[in-house]
There are 2 protein chains.
Amino acid sequence: MVSEKVTSNDVARLAGVSQSAVSRFFTPGTSVSKRTAEKIKAAADELGYRPNVLARSLITGKSRIIGLVVAYLENYFYPDVVERLSRLLQDKGYHVLVFISSLAADKVEEITQEILDYQVDGIVLASANMSSELAARCHASGVPIVLFNRLQDDEKLSAVTSDNRGGGRMLALHLAETGRRRIAYIAGFEGASTQRDRERGFREGLDEAGQALFARDVGNFRYEEAQAAARRLFAAPEAERPDAVFVCNDHMAFAVMDVLRFELNLTIPGDVAVVGFDDVPPARWPSYNLTTIRQSVDDMVAETVATLLSAIEGDVSPARRVCLPGALVVRGSSQPAKPI
Amino acid sequence: MVSEKVTSNDVARLAGVSQSAVSRFFTPGTSVSKRTAEKIKAAADELGYRPNVLARSLITGKSRIIGLVVAYLENYFYPDVVERLSRLLQDKGYHVLVFISSLAADKVEEITQEILDYQVDGIVLASANMSSELAARCHASGVPIVLFNRLQDDEKLSAVTSDNRGGGRMLALHLAETGRRRIAYIAGFEGASTQRDRERGFREGLDEAGQALFARDVGNFRYEEAQAAARRLFAAPEAERPDAVFVCNDHMAFAVMDVLRFELNLTIPGDVAVVGFDDVPPARWPSYNLTTIRQSVDDMVAETVATLLSAIEGDVSPARRVCLPGALVVRGSSQPAKPI
DNA sequence: AACGGCTTTGCATACGTATGAAAGGCGAAG
DNA sequence: CTTCGCCTTTCATACGTATGCAAAGCCGTT
């Protein structure tokens, strides 16, 4: 607390101009004469002056802060999202205020209120659902929201997702085509739209291929629960075990692979094919070498930012729902092991 | 932009009291009579009023925002840090503004300026170094800084680290005790204190055990570069290859293990022992089952927050350097394979 | 009924900036 | 030399809140 804060008034005094001149100098899009600009610059440099963003926000009504709500970073899809989103927004002069939420809905409510307290210009909701009532309140406050990697019934909410249904379908067809006949599914958290859509697409794909789901269990997007689900699914006698598993995301797929290989001594893809969803970095590490659906974080983030910024800049068009295509990435965990 | 913002004045008018009364009602530690409290509460609820944190900051000089500078979330140690740090600070009424920095020092400078623009109450510097000059400026602004998981020469900076030197030593002794005789090291980014301290402790440990470092290469904390380093280290004829590698962090250790197993067909720990540092979640996944030093993220975060908050609350004591002990976690990647 | 102490309330101002309106400056055209 | 118009600059005010100070209210005591 040694130094006093230096304000635009201090600069103005030193430069021999008015405070407004200083303000104008630091506000892009306004003009000052070359002469005063130089005086102000010199004075500002000497004092180490920088405008107070908070005070500015108070009067402009724009904080240049984006609230990001995220429930867990354990799934390595999200750190990547946080990093790229921050970077992109930084480039555009915004910054990210992080709010970690639990999965519980009432927590989300509380958290969102806290976010609004900071007068954020926009909100990215990355791993939590939000009540329609809350969404309405945000909308009423004029704060745009973009759902990231999830959908909600509320038609008023913008959302960016990848094509979870299409991805699920591709995986089903891939497994069927490579000769799998007892295909199981390990679900994520049932409340998540990604879970629902992936499962739905997967079932549709199986249907197309003339198959039905052989078995199903739930892993709730957690490593340990996915391990447990795998143990249950493979507790049956050998002939009645699945010969393929679609695990709802890569993070859980790693857990399943570890159980199959190191607890049950099964080979992948020899005995069982495993496929996931997301294409997080470890999926391409040789230890896992996991067939999966690539969601382009870059594209998703870019769309999110575009949607958010256009809404912030006054675009009152109705909610924008972007669904980006995913790509099937075939790797070693699902090579055809049992040709028909 | 449908609704107008509701201010303390609106509430005051509706409740039939003064604006100061409303302010007092929402400021902890001040008192209002029960009667007016009720009127204000009713009015505030009706209007959906919540205090504007930014306006409050302007006058109190406290924003309750903590700036977090982090360079990359690719190493899964950091997502965990972000999550726990955010959670803990949230509980204390603070929030985290994230700044992603590149490793370049000038970027850090720029970023830190941006942080200061937001009038943050404190800064956590998690994966980037900062010039002493910049540190001085922050100090002058009265903004406390805590270095997380790194150290700097500047004695004025508080820092929280785990005992990197001691951890390196433990790993060296462990490898020597389990019979390894050609022990190599793959370094992280040379500019990082964690890299320096871990290597130093490791060399000291080898020395104690009467050994010298057999080979050394650099992986710069990146997966791909660590792969390349592993390839170089093991390009020698079989008898001249290392029989153990300490990789400066787990993230790179995974890359090394993948190269050894899947490119060179070596067994771990049979042909080569691999040990890492951090104990990130994948280290205990059976595929890697990596011997490593556990850094307790929880403890580190707790110390960081404690240091930061005490400084914010006016503690002018000199910089506080906390060094937390790490624990050797012996797993399958280093079991004694060649008993003496 | 008057007084003293304590709590509650309202008034006024301050925080650091942006911005509309008004005033000033300067050159060109007449 | 005057007048007009444009570009700069200043003045004044506003943003939404917290807080010192003085006024007002309350309650028990003498």
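Below, all heavy atoms of this structure are taken into account, side chains as well, without hydrogens, waters or symmetry copies. Throughout, a chain's letter reflects where its sequence line sits, starting with A, and its residues are numbered from 1.
In this structure, Asp45(A) pairs ionically with Lys41(A), as a charged nitrogen and a carboxylate oxygen lie closer than 4.0 Å.
Remark on the helix from dA1(C)-dT30(D) to dG30(C)-dC1(D): inter-end axis angle 60°, axes from five-pair C1' superpositions, rounded to 10°.
Residue Ser33(B) places at least one side-chain N or O under 4.0 Å from the OP1 or OP2 atom of dT9(C). Of the side-chain N and O atoms in Thr7(B), none sit less than 4.0 angstrom from OP1 or OP2 of dG16(D). Within the structure, a side-chain polar atom (N or O) of Thr36(A) is placed less than 4.0 Å from OP1 or OP2 of dT9(D).
The side chain of Val17(A) lies closest to dT10(D) when the candidates are dT10(D), dA18(C), dT17(C). Distances were taken from every side-chain heavy atom of Ala21(B) (C-beta onward) to each of dG10(C), dT17(D), dG16(C); the shortest belongs to dG10(C). Closest contact between the side chain of Ser18(B) and the listed nucleotides dA18(C), dG16(D), dG10(C) involves dG10(C).
In this structure, Tyr72(A) and Tyr78(A) have tilted ring planes: the angle between them lies in the 30° to 60° band. Phe77(A) and Phe148(A) have tilted rings, their planes meeting at an angle from 30° to 60° on a 0 to 90° scale. Ring orientation note: the planes of Tyr118(B) and Phe99(B) are nearly perpendicular, at an angle over 60° on the 30°/60° scale.
When all heavy atoms of Leu58(A) and Ala55(B) are compared, the pair lying nearest together is CD1-CB, 3.6 Å.
Of the possible donor and acceptor atoms, none in the side chain of Glu303(B) sits under 3.5 Å from a partner among the backbone N and O of Val160(B).
Heavy-atom nearest nucleotides on DNA chain D were determined for Thr60(B) and for Gly16(A), and the one closer to the 5' end corresponds to Gly16(A). Of the two residues near DNA chain C, Val22(A) and Ile59(B), the one whose nearest nucleotide lies more 5' is Ile59(B).
You'll find a donor-acceptor pair under 3.5 Å spanning the side chain of Arg24(A) and the base of dG20(C), going by distance alone. Between the side chain of Ser20(A) and the base of dC11(D), a donor-acceptor pair under 3.5 Å is found.
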